[in-house]
> 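First the structure, which I've put down as structure tokens, then a few questions once you've had a look.
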Protein chains: 2
Amino acid sequence: MTDKNFVGAGMDDSNQNHALERKRGSGARQVYDLLRDEILDLRLAPGSAIDEVQLATRFGMSRTPIREALVRLAGEGLIETLPNRSTMVSNIDFLGMHAYFDALGLMYRVTTRLAAQHHKAGDLDSIRVHQAEFKAAVEAQDALAMIATNADFHAAIAAAGRNEYYARFFERLLGEGRRMLRLYYQSYDDRLPSRFVDEHEEIIAAIEARDVEAADRLGRAHSEQIEAQIERLLTRHDRLDIVL
Amino acid sequence: MTDKNFVGAGMDDSNQNHALERKRGSGARQVYDLLRDEILDLRLAPGSAIDEVQLATRFGMSRTPIREALVRLAGEGLIETLPNRSTMVSNIDFLGMHAYFDALGLMYRVTTRLAAQHHKAGDLDSIRVHQAEFKAAVEAQDALAMIATNADFHAAIAAAGRNEYYARFFERLLGEGRRMLRLYYQSYDDRLPSRFVDEHEEIIAAIEARDVEAADRLGRAHSEQIEAQIERLLTRHDRLDIVL
DNA sequence: TTCTTCAATCTTGTCGACAAGAAAAATACA
DNA sequence: TGTATTTTTCTTGTCGACAAGATTGAAGAA
């Protein structure tokens, strides 16, 4: 809500100038990655228009790779493209927030369960690495880092669960919802209780012990806790902005 | 390059000639829809190469809209594109079959539950229409129609559940897995027991009665039955082709 | 002034052309 | 004869240009 969105034409030199030679197949990928980050970190405000030629000049390439990146982003629902008309950054679906966190919670549970069942040797190392990063982010009170590292943590768990379909869906949820998660974290004033870190530790322990029931219980607790907080957030939110 | 347009050298005249005027924004959509269908109905064999120029001449349009369609298909995992090299129809992931049906079964349960909770006035009508079509397809022993109408039936239930995220994931699973489902149905020799139709009826009844527990139980039964059949299918399959 | 109609402009969708990599073919070499 | 190297060909990735549709702005009528 208190977001400044400079989408202005060519201004700072941070990252628009790429006149230097880039590898052949990587144009669209580069644009895709950067735009995705800008959208998910709310640096591109929801609803703001996206101009292909502007992006083309900004990235110093033709409209074609830009277009490919936009098609991919549209496929993930991050931008919306009116036929023959402007394309814009998708709005955050506040009404679907409950549904979103319901799905997210279910994925927490399912992936944690499966990880407890199917994890193999190196999986726990990977999970622990991400947990350490998450812990550091929480201690540093860096909301963006918390979201990213939390997503990585759970993505690692999902990978250990050995189900590509859940993993892909989960990663997509974690990505697509980064903007909603941003609001969620803001409901804690970006200072996450250390309890969250502890819960992660318990989850790791349950997975390591291959205790499926404990894993499920923890995943469910994690999820229900989020649910409750979202409930608080939504009621508060409904009062603040009467949306449209 | 120069135009190499041999009249007789192409394939048959079934549906490649679209020199007639088409609406402006619909080129890619048209290609996407048709290619998707051809892939999912196994008319395009997994692993077979996809040539952009060939498609361009076949559809009578430039490579640009073809390319957009391919990007979208790749985003859904239906084709795989090696950088700077050929793109090909994705292989069916037999190893992930168990994972696939696990996810599918969970979605059966979740969406049925939610439909029992949240369905509104017109939802049941839509569901019943699709159920009637499914029944007709089963009686006609038309496997492709069974897959399509079954997908529509469950998609309608998912829509009644009022959770966009589950619905999208579910639809994606049902679409993406049409090829696997084809095999699954073939394990019944494309003659589905009428019990499947009856199960659908029970599901409808549970939803209408808003009996969440019954809905969940039925969804679970549906899912477990699939699971069992897949188990039989897989063991039989593992014995027949030693993959690779 | 306000509403309608038409022209200017802007953005997107599509096209043909060209260059870069890679695969296939042809040649040289042991 | 078999292998390494060069050349040819083929496919993809990128580009600039143009047309269609939509938006905006101006001009005209009430």
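So that the names make sense, note that chain A is the first sequence line, chain B the second, and so on, each numbered from 1. Because only heavy atoms are used, hydrogens play no part in the values below, and waters and symmetry mates are left out as well, while side chains stay in.
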> Please report, rounded to the nearest Å, how far the P atom of D:dT14 is from the CD atom of A:E52.
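The answer, rounded to whole Å, is 15 Å.
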> Between D:dG21, C:dG16, D:dT14, which one does the side chain of B:S62 approach most closely?
C:dG16
> Give the nucleotide from the list C:dA22, C:dT12, D:dT12 with an atom nearest to the side chain of B:R24.
C:dT12
> Could you give the CG-to-P distance, from A:N84 to C:dT11, as a whole number of Å?
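So the CG-P distance, A:N84 to C:dT11, works out to 14 Å.
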> Check the distance between D:dT12's P and B:M88's CE and give it to me in whole angstrom.
13 Å
> Go through C:dT14, C:dA19, C:dT12 for me and flag the one nearest to the A:D51 side chain.
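Of the options given, the side chain of A:D51 lies nearest C:dT12.
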> For residues 122-130 of chain A, which side-chain N or O atoms pair as donor and acceptor with protein atoms under 3.5 Å away, sequence neighbours left out?
residue, atom, partner, partner atom, Å
A:D123, OD2, A:K120, N, 2.7
A:D123, OD2, A:R162, NH1, 3.3
A:D123, OD2, A:R162, NH2, 3.2
A:R128, NH2, A:E208, OE1, 2.9

> Starting at CG of A:L55 and ending at P of D:dC15, how long is that distance when rounded to a whole Å?
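Checked: the CG to P distance equals 14 Å.
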> A:I50 CD1 to C:dT11 P: how many Å, rounded?
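Those two atoms, CD1 and P, are 14 Å apart.
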> With a 4.0 Å cut-off, would you call A:R63 and A:D51 a salt bridge?
no
> So if I take every side-chain heavy atom of A:V53 and compare against D:dT23, C:dT12, C:dA17, which nucleotide ends up nearest?
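Looking only at heavy atoms from C-beta outward on A:V53, the closest nucleotide is C:dT12.
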> Do the side chains of A:R36 and A:E176 get close enough for a salt bridge, i.e. N-O under 4.0 angstrom?
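Salt bridge flag = no for A:E176 with A:R36.
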> Side chain to side chain donor-acceptor pair (under 3.5 Å) between B:E76 and B:Y32: does it pass, once the steps are laid out?
CA-CA 11 Å; B:E76 295 183 24; B:Y32 169 83; 2.4 Å; yes
> May I have the distance from A:E80 (atom CD) to C:dT12 (atom P), rounded to whole angstrom?
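That distance rounds to 15 Å.
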> Just to be sure I understand the rule, does A:L70 reach a base, reach only the sugar-phosphate, or reach nothing, if contact means heavy atoms closer than 4.0 Å?
nothing
> In whole angstroms, how far is the P atom of C:dC15 from the CE atom of B:M61?
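Between P of C:dC15 and CE of B:M61: 7 Å.
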> Give the nucleotide from the list D:dC15, C:dA23, C:dC15 with an atom nearest to the side chain of A:T64.
D:dC15
> Within the 3.5 Å criterion, strictly below it, is a donor on B:Y100 or A:N163 matched to an acceptor on the partner's side chain?
no
> Taking CD1 from B:I66 and P from C:dG16, how many angstroms apart are they, rounded to a whole number?
12 Å
> OP1 or OP2 of D:dT23 sitting under 4.0 Å from any side-chain N/O of A:R85?
yes
> Using a heavy-atom cut-off of 4.0 Å across all strands, would you classify B:E68 as base, sugar-phosphate, or nothing?
nothing
> Counting side-chain heavy atoms from C-beta on, which of D:dC15, C:dG16, D:dA17 comes nearest to A:P65?
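The closest nucleotide is D:dC15.
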